[in-house]
Amino acid sequence: MASNDLYTVEEAAQRMRLSARQVRRLIAERQIGFHKLGRSVRLTNDDVMTYIASNRVEPMTAADMWAGLRKVA
């Protein structure tokens with residue numbers, strides 16, 4: 001699909017491997033960008049990819065782990 005194609009909630013959910021209910025929750029909580037066309041909600045590939053990129057968690061390094069242990073003691 002092209003980056004300007006519009007996905008339904010169900011199509012976006014399938015693309016992200018989430019349930020449609022979870023995608024609707026993300027939309028309701030304004031955690032993912034979307035487009036309102038009348039009463040329909042649509043998401044673009046850019047909306048989906050931006051959400052995925054913004055929720056990336058970097059792995060911890062050994063230095064991060066030791067820094068965290070020093071703060072506890």
Side-chain angles (χ1 to χ4, degrees):
M1 293 187 153
S3 65
N4 59 355
D5 286 345
L6 296 175
Y7 300 135
T8 63
V9 170
E10 290 76 17
E11 291 169 337
Q14 190 174 33
R15 179 134 170 85
M16 293 189 287
R17 294 189 170 103
L18 297 172
S19 68
R21 182 178 179 176
Q22 181 64 28
V23 174
R24 286 189 191 95
R25 183 176 295 135
L26 294 172
I27 290 168
E29 294 172 354
R30 303 294 197 262
Q31 292 185 24
I32 189 170
F34 64 96
H35 303 271
K36 188 90 175 187
L37 305 172
R39 292 194 298 172
S40 299
V41 172
R42 297 291 185 263
L43 297 96
T44 63
N45 189 53
D46 290 341
D47 295 330
V48 171
M49 297 312 289
T50 300
Y51 173 76
I52 291 170
S54 69
N55 284 286
R56 176 163 169 70
V57 177
E58 294 296 328
M60 289 183 66
T61 65
D64 294 334
M65 183 180 282
W66 284 111
L69 290 175
R70 287 185 196 121
K71 292 177 184 174
V72 174

Checklist entry - Quick one: salt bridge (charged side-chain N to carboxylate O under 4.0 Å, His left out) pairs with a partner in residues 47-62, sequence neighbours left out? => result Arg56-Glu58

Next on the checklist: Quick test of your reading: applying salt bridge (charged side-chain N to carboxylate O under 4.0 Å, His left out), list the pairs with at least one residue in residues 29-39, sequence neighbours left out, ordered by first then second residue.
Outcome noted: none

Checklist entry - Taking only residues two or more places apart in sequence, or in another chain, which ones meet Arg17 in a side-chain hydrogen bond (donor to acceptor under 3.5 Å, both in side chains)? => result none

Next on the checklist: Test of understanding: with side-chain hydrogen bond (donor to acceptor under 3.5 Å, both in side chains), list the residues that count as partners of Thr61, not counting sequence neighbours.
Outcome noted: Asp64

Using distance only, find each side-chain donor-acceptor pair of residues 19-27 under 3.5 Å and give its atom names and separation, not counting sequence neighbours.
{"from": "Ser19", "atom 1": "OG", "to": "Gln22", "atom 2": "N", "distance (Å)": "3.1"}
{"from": "Gln22", "atom 1": "OE1", "to": "Arg25", "atom 2": "NH1", "distance (Å)": "3.0"}
{"from": "Arg24", "atom 1": "NH2", "to": "Glu10", "atom 2": "OE2", "distance (Å)": "2.6"}

Next on the checklist: I need the minimum non-hydrogen distance between Ala12 and Val48, along with the two atoms involved.
Outcome noted: CB-CG2, 4.3 Å

Next on the checklist: On a heavy-atom basis, which atom in Glu11 and which in Leu6 lie closest, and how many Å separate them?
Outcome noted: OE1-O, 3.9 Å

Checklist outcome for this item: Exactly one of Leu43, Asp46, Ile32 clears side chain to side chain contact (heavy atoms under 4.5 Å, CB included) with Tyr51, and that residue is Ile32

Item to check | Gln14, Arg42, Arg15 screened by side chain to side chain contact (heavy atoms under 4.5 Å, CB included) with Tyr7, the one that passes | outcome: Arg15

Item to check | Spacing of Ile52 atom CD1 and Met16 atom CE [to the nearest 0.5 Å] | outcome: 6.5 Å

